[in-house]
Amino acid sequence: MELSVSPSSKPSVLKRSGAAQKLLAFASLILLIVVFSLSSANFFKFDNIVGILLATAVTGILALGSTFVIITGGIDLAVGTVMTFCSVIAGVIITYGGAPIPFGIAGAIGAGALCGAASGFAVSRMKIPPFIATLAVMMITKGLSLVISGTKPVYFVDTPAFAQIAMGTAVEKLVPGLAIPNAVFIFFGMAILASLLLSKTIVGRYNFALGSNEEATRLSGVNVRFWKIVIYTITGVFSGVAGILMASRLNSAQPALGQGYELEAIAAVVIGGTSLSGGKGSILGTVIGALIMSVLTNGLRILSVPQEWQTVIIGGVVVLAVYTDILRRRKG
Amino acid sequence: MKTNRKLGMTIVLALMFALLAACGGNNEGKNAGGASSSPEASSPPASSSASPSASPSGSNAAADKVYIPVISKGFQHQFWQAVKQGSEKAAKELGVEVTFEGPETESQVDKQIEMLQAALDKKPQAIALAALDSKAVIPLLQKAQAANIPVVGFDSGVDSDIPVSTAATDNLKAAALAADKMAELIGGKGEIAMVVHDQTSRTGVDRRDGFKKRIEEKYPDIKIVDIQYGGGDHLKSTDLAKAIIQAHPDLKGIFGSNEGSAVGVVNAVTELKKTGIVVIGYDSGKAQMDAIRSGTMAGAITQDPIGIGYWAVKAAYMAYKGEKVEKTIDTGFHWYDKTNIDSEEIKPLLYE
């Protein structure tokens, strides 16, 4: 088994080059924060920083999940609509079914895992290209969300505890006055979990191996098909968690939302230095990438930059981030 | 690997063909059904009474029931569901058949045009249309005119003389009323901001301009410090409204131009635990109604979505019958707040 983990020299090289990209991304994040703080007195304030972190939570968790699939050299276009689907499932279980909240949470995460497994199955067993397979899952889940909810939002008004999942401030009980919503901690918790999965477990090792050379991995005796399904399932689970947070924050499952979030997630992953061609990437990078996206959006809003230009600027940043990565790799 | 990939592609292609074939089959089935049912079921009385003069040589026109497709701007949003309800109410009353469809988001101008094209191809007796882009649909409307199919606009007008009538809310006036209420509630001076659903659609532009113009013309001491667009997405509008509040600590009020925008503003104010910001919304929905009942939102403008849908179909039917129809049917708007939310006049206009 030990032998099967792809070329053994590669991981250390990967780690080094990854570190450089992360450093660069981190430096850009700090630079952005400094620039916005100098441009507006209203930027670097406790409430606003908390606001930025909160705004990162949902897309950030989607980006964490996407990182796994992108490292295999695949893509998951369904993360946004799967997220919505999971939030609707939670709503149906809790509000329509009258079941206790934990059942709703379990249902949502289970639904996410199922959607992910379906994508994984389509990709690995049916050999449908990831782009097409997940596009199909995107459409299916989007439609199902509307069908199941009856094209109506599902509210959690009878279960006030549900809103507390994202917006409660558990930390305030430990440190009085520190009102940081749970969603922020859930995001960082999920990041740590993702990071451990990717760097400390066999899933993570096979994930990188698959991405750098699928054929070699298969030839060395790894059940590539099985592990691909596992990896897409992980992505689905992350979408499920994001769905719970989204529903909790809006105190409702909004069946029509979700599309478009996958692209923001992919942008965050790419800014964080994960390569779309697979085999290379890190969770820390994705966290920084997601933070860059939301700091940029928030900062430009605070400066009242017209919306049209905000989008143009963010697009420019994506190009810049990927280009510096390519340049640096060419030199190395 | 290569063969596998080829196999995959073949499967995908095969599936697509299967789908296409299925769709084609369906259409054929429908057409055949329509054609065969009309001679059997409706030959003697209905066809002679209903469509003697206007009927073009098309197939459906000979069918027993008057068919009016309703092309909406959307269907997922609660507002459109209420419009749909209104159109069905009219359909039942008049004994006509309606279909209700709309694109997924209000920016999909192209999809709506496809829907309109498909509807025209069915040769209906009349069409009701809520145009996403009032200029983009003109070529198709000319086609409708050439085919003697009367078109009725609803929700927002079309820059053309072709629609015989338009059943809509006067969004400019309605947003101006929101501006007056805002001015009254913040005491006639201070900074305010707007969260608008988009900067290209007719309703987005009209509500923004109607509000803005009234403030600029009538209330010189009120300054609009920011206008941002959240696409009507609840979550995006929440984060956006929070940034606005952070950027302008002295902000006295925010106007949210549709349900998603308004709910976003309410969320922002609640999450930041801000008091003293006057929030004014648009349309209804449970979240907005709860916010008004609890006092987080001062009040909102409601249109009459059921009335819009009802009049769209009714006017289309009247036009088909050759009856005289008003060029514009103002379906009205109302201000509602804590005091009248449950009143006889307002309650039927609100949807959860």
Side-chain angles (χ1 to χ4, degrees), chain A residues 40-43 45 47-52 54-56 58-59 122-123 126-129 132-133 136 142 145-146 149-153 155 157 163 166-167 179 181 214-215 218 246 249-252 254-261 294 297-308 310, chain B residues 1 3-12 15-16 74-78 80-81 84 104-105 193 196 198-200 225-249 259-260 263-264 267-268 270-274 285-287 290 351-352:
Chain A
S40 167
N42 297 313
F43 180 80
K45 280 189 174 163
D47 277 345
N48 194 46
I49 298 300
V50 170
I52 291 172
L54 193 58
T56 317
V58 169
T59 40
V123 169
M126 296 161 78
K127 301 285 178 210
I128 299 175
I132 309 286
K142 183 178 179 177
S145 302
L146 290 166
S149 62
T151 65
K152 280 198 300 271
Y155 294 95
V157 278
M167 297 314 297
E214 185 171 336
E215 193 60 13
R218 193 179 63 82
M246 171 123 167
R249 192 164 171 211
L250 297 176
N251 205 16
S252 59
Q254 297 285 343
L257 297 187
Q259 204 173 1
Y261 283 77
S294 45
T297 326
N298 177 281
L300 293 172
R301 275 174 192 158
I302 294 256
L303 297 183
S304 296
V305 174
Q307 194 118 12
E308 304 84 290
Q310 291 178 16
Chain B
M1 253 338 257
T3 51
N4 269 347
R5 220 173 260 169
K6 267 188 189 159
L7 186 75
M9 283 306 285
T10 335
I11 292 177
V12 170
L15 270 173
M16 282 168 79
F75 69 97
Q76 301 173 351
H77 210 283
Q78 289 303 291
W80 298 116
Q81 290 288 325
K84 184 179 175 206
E104 278 147 5
T105 73
V196 180
D198 73 69
Q199 64 260 68
T200 47
V225 290
D226 208 345
I227 303 175
Q228 297 271 350
Y229 305 87
D233 178 319
H234 304 60
L235 192 61
K236 287 202 177 117
S237 302
T238 303
D239 290 328
L240 189 151
K242 278 175 90 169
I244 293 177
I245 296 170
Q246 294 293 352
H248 306 283
E259 188 191 341
V263 170
N267 286 346
T270 323
E271 285 185 9
L272 288 170
K273 300 191 180 70
K274 273 268 177 185
K286 187 168 172 52
D290 285 350
Y351 51 89
E352 287 243 312

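Lettering of chains follows the sequences in order, A, B, ..., and the numbering in each one begins at 1.
- Options B:Lys242, B:Lys286, B:Glu352 differ in how many heavy-atom pairs under 4.5 Å they form with chain A, and the most are formed by B:Lys286.
- Between A:Asn251 and B:Asn267 the shortest side-chain heavy-atom distance does not fall below 4.5 Å.
- How far CD1 of B:Ile244 is from CG of A:Asn42: 12.5 Å, rounded to the nearest 0.5 Å.
- Ranking A:Gln254, A:Lys45, A:Arg249, A:Gln259 against chain B, the residue ahead of the rest is A:Arg249, based on heavy-atom pairs under 4.5 Å.
- Using a 4.5 Å cut-off between heavy atoms, A:Val305 contacts chain B through its backbone alone, with no side-chain atom that close.
- At a 4.5 Å heavy-atom cutoff, the contact between A:Pro153 and chain B is made by backbone and side-chain atoms alike.
- In this structure, A:Met167 and B:Glu271 have side chains that are in contact, with non-hydrogen atoms separated by less than 4.5 Å.
- Ranked by non-hydrogen atom pairs under 4.5 Å with chain B, the options A:Leu54, A:Leu257, A:Ile52 are led by A:Leu257.
- Residues A:Leu146 and B:Phe75 are in side-chain contact: their nearest non-hydrogen atoms beyond the backbone lie under 4.5 Å apart.
- Side-chain N or O atoms of B:Gln78 include one that pairs as donor or acceptor with a backbone N or O of A:Thr151 at under 3.5 Å.
- In this structure, chain A has heavy atoms under 4.5 Å from both the backbone and the side chain of B:Gln228.
- Using a 4.5 Å heavy-atom cutoff, the side chains of B:Asp239 and A:Arg301 are in contact.
- Heavy atoms from other residues, nucleotides or ligands lying under 6.0 Å from NZ of B:Lys236 number more than 12.
- Applying the ring pair (Phe, Tyr, Trp, His ring centres under 6.0 Å) rule to B:Tyr229 yields no partners; only residues at least two apart in sequence or on another chain are considered.
- Residues passing the salt bridge (Lys or Arg N to Asp or Glu O under 4.0 Å) test with B:Lys274, sequence neighbours excluded: none.
- Within the 4.5 angstrom heavy-atom criterion, atoms from both the backbone and the side chain of A:Ser304 approach chain B.
- Top candidate by heavy-atom pairs under 4.5 Å with chain A, chosen from B:Gln246, B:His248, B:Gln199, is B:Gln246.
- Residue A:Val50 does not touch chain B at all, counting heavy-atom pairs closer than 4.5 Å.
- Contacts between B:Ala268 and chain A at a heavy-atom distance below 4.5 Å are absent for every atom of the residue.
- We find the CG-OH distance between B:Leu235 and A:Tyr261 to be 4.0 Å, quoted to the nearest 0.5 Å.
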